[in-house]
Amino acid sequence: KDIDSCTDADLMLEVNTNLTAAALIARHIIPRFLARGEQATSHFLITTSGLAYVPIPFFPVYNACKAGLHYFLVSLRQQLKDSPVNVIEIVPPFVATEYVTKNKDQAPKNLHAMPLEDYENEVFAQLDNISAKELKEVAAGPSVLRVKAWRDGLGAMVAKSPFAD
C-alpha cells in the first residue's frame, strides 16, 4: 500500500502479519525442535520475498517487513548453527497466486507475476534435490538474482563474521 493511503491500523496489521507473526512462530516452534535432542534434525521454513533483498517503491511497509524478516532468519540461523535445526528462507518473486490474479488491476502495470506452477516447480526442485542442511535460501524466478547478489555481497561479510552460519 501507499504510505499515504493506509491507516495506522493498516500499517500495524501489515507489520504484525509479515514480521511479528513469523518471529512469534519461531519463538514457539524452535524450542520444541531443540527439545527433541541432537539426533532429531528439524527444518524451520519461513517465506520472505525477493523484495526483502531489492525493494520496489510500491510496497514500502511490506518491503521493510520482509527485509526485517530476512535478517531475523539470518540471525536465527547463526544462533542455531550448532544445533540440529535448519533455518530455511523461501524467497518468492511476485507470483500469480489466486489473490494476485483476482486483484491484478491493483498491481503496478510493469510488474509481471511468475506463473504459480513455475514457481512451485523451481522451489520444490531445490527442496527435493538439495540437502536441507545445505539450504539457506530457496529462491525462484527473479528472486534468484536478488539472493545471489546478497550472498555474494553482505552475505559474504556475514559468512566471515565470528557468528557465521
Side-chain angles (χ1 to χ4, degrees), residues 1-3 6 11 14-26 29-30 42-83 85-97 99-101 103-104 106-165:
K1 288 185 175 182
D2 186 301
I3 200 73
C6 68
L11 195 144
E14 192 164 2
V15 171
N16 285 336
T17 300
N18 290 300
L19 177 60
T20 307
L24 289 171
I25 290 168
I29 296 297
I30 299 296
S42 301
H43 311 297
F44 184 73
L45 288 78
I46 291 284
T47 300
T48 63
S49 169
L51 299 178
Y53 295 80
V54 180
I56 61 175
F58 307 109
F59 314 109
V61 176
Y62 181 84
N63 294 336
C65 290
K66 293 301 184 173
L69 184 54
H70 162 69
Y71 280 102
F72 172 76
L73 295 172
V74 168
S75 298
L76 189 61
R77 188 180 300 119
Q78 291 170 328
Q79 188 179 69
L80 297 169
K81 71 179 181 176
D82 296 322
S83 80
V85 179
N86 298 318
V87 177
I88 301 170
E89 178 181 359
I90 307 297
V91 188
F94 186 51
V95 178
T97 61
Y99 176 83
V100 166
T101 303
N103 295 287
K104 64 184 172 196
Q106 296 175 16
K109 301 300 178 219
N110 60 346
L111 194 57
H112 302 286
M114 181 179 191
L116 181 58
E117 187 174 348
D118 293 350
Y119 168 72
E120 290 171 344
N121 290 339
E122 278 192 48
V123 168
F124 282 103
Q126 293 172 70
L127 292 173
D128 290 343
N129 296 305
I130 301 172
S131 164
K133 195 66 176 166
E134 295 175 34
L135 291 172
K136 291 178 176 52
E137 300 90 10
V138 176
S143 293
V144 171
L145 292 176
R146 293 169 182 227
V147 170
K148 182 180 180 337
W150 186 85
R151 271 271 151 219
D152 292 346
L154 293 174
M157 291 173 64
V158 170
K160 291 178 184 174
S161 79
F163 311 106
D165 55 354

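What you see is a predicted model; the values in this text were computed from it and never measured. Values below: all heavy atoms of this structure, side chains included; hydrogens, waters and symmetry mates excluded.
Enclosure of atom NZ in Lys133 by more than 12 non-hydrogen atoms of other residues, nucleotides or ligands within 6.0 angstrom is indicated. Annotation for Phe124: atom CZ does not count as buried by contact number, only 12 or fewer foreign heavy atoms lying within 6.0 Å.
At a threshold of 4.5 Å between non-hydrogen side-chain atoms, the residues Leu11 and Glu14 do not count as touching. Looking only at side-chain heavy atoms (C-beta outward), Phe72 and Val87 stay at 4.5 Å or farther from each other. Residues Ile88 and Val138 are in side-chain contact: their nearest non-hydrogen atoms beyond the backbone lie under 4.5 Å apart. The closest side-chain heavy-atom distance from Glu89 to Val147 is not below 4.5 Å. Using a 4.5 Å heavy-atom cutoff, the side chains of Trp150 and Val74 are in contact.
Minimum interatomic distance between Ala96 and Leu116 (heavy atoms only, all atoms of both residues): O-CB, 3.7 Å. Considering all non-hydrogen atoms of both residues, Gly68 and Leu19 come closest at C-CD1, 3.8 Å. Val85 approaches Ile30 most closely through the heavy-atom pair CG1-CD1, 3.9 Å. Closest approach of Ser49 to Lys66, counting heavy atoms only: CB-CG, 3.8 Å. Looking at every heavy atom in both residues, His70 comes nearest to Ala52 through CB-CB, 4.0 Å. Contact between Ser143 and Gly50 at its shortest, heavy atoms only, is OG-CA, 3.3 Å.
The distance from the CG atom of Leu24 to the CD1 atom of Ile29 is 11.5 Å, given to the nearest 0.5 Å. The CZ atom of Arg77 sits 5.0 Å away from the CD atom of Glu137 when rounded to the nearest 0.5 Å. Note that CZ of Phe59 is 6.0 Å distant from CZ of Phe94, once rounded to the nearest 0.5 Å. Taking CG of Leu73 as the start and NZ of Lys136 as the end, the distance is 13.0 Å to the nearest 0.5 Å. For the atom pair CG (Leu135) and CG (Leu127), the distance works out to 6.5 Å, reported to the nearest 0.5 Å. To the nearest 0.5 Å, atom OG1 of residue Thr97 and atom OH of residue Tyr119 are 10.5 Å apart.
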Next item on the list: Using the side chain to side chain contact (heavy atoms under 4.5 Å, CB included) rule, take Leu76 and Phe44 through it: C-alpha gap first, then chi angles, then the decisive distance, then the call.
Entry: CA-CA 10 Å; Leu76 189 61; Phe44 184 73; 4.1 Å; yes
Check: Between Tyr71 and Leu154, is a side chain to side chain contact (heavy atoms under 4.5 Å, CB included) present by the stated rule, with each step listed?
Finding: CA-CA 11 Å; Tyr71 280 102; Leu154 293 174; 3.3 Å; yes
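Scored by the side chain to side chain contact (heavy atoms under 4.5 Å, CB included) test, Leu145 finds no partners at all (sequence neighbours excluded).
Formation of a donor-acceptor pair under 3.5 Å by the Asn63 side chain with backbone atoms of Ile56 is found in this model.
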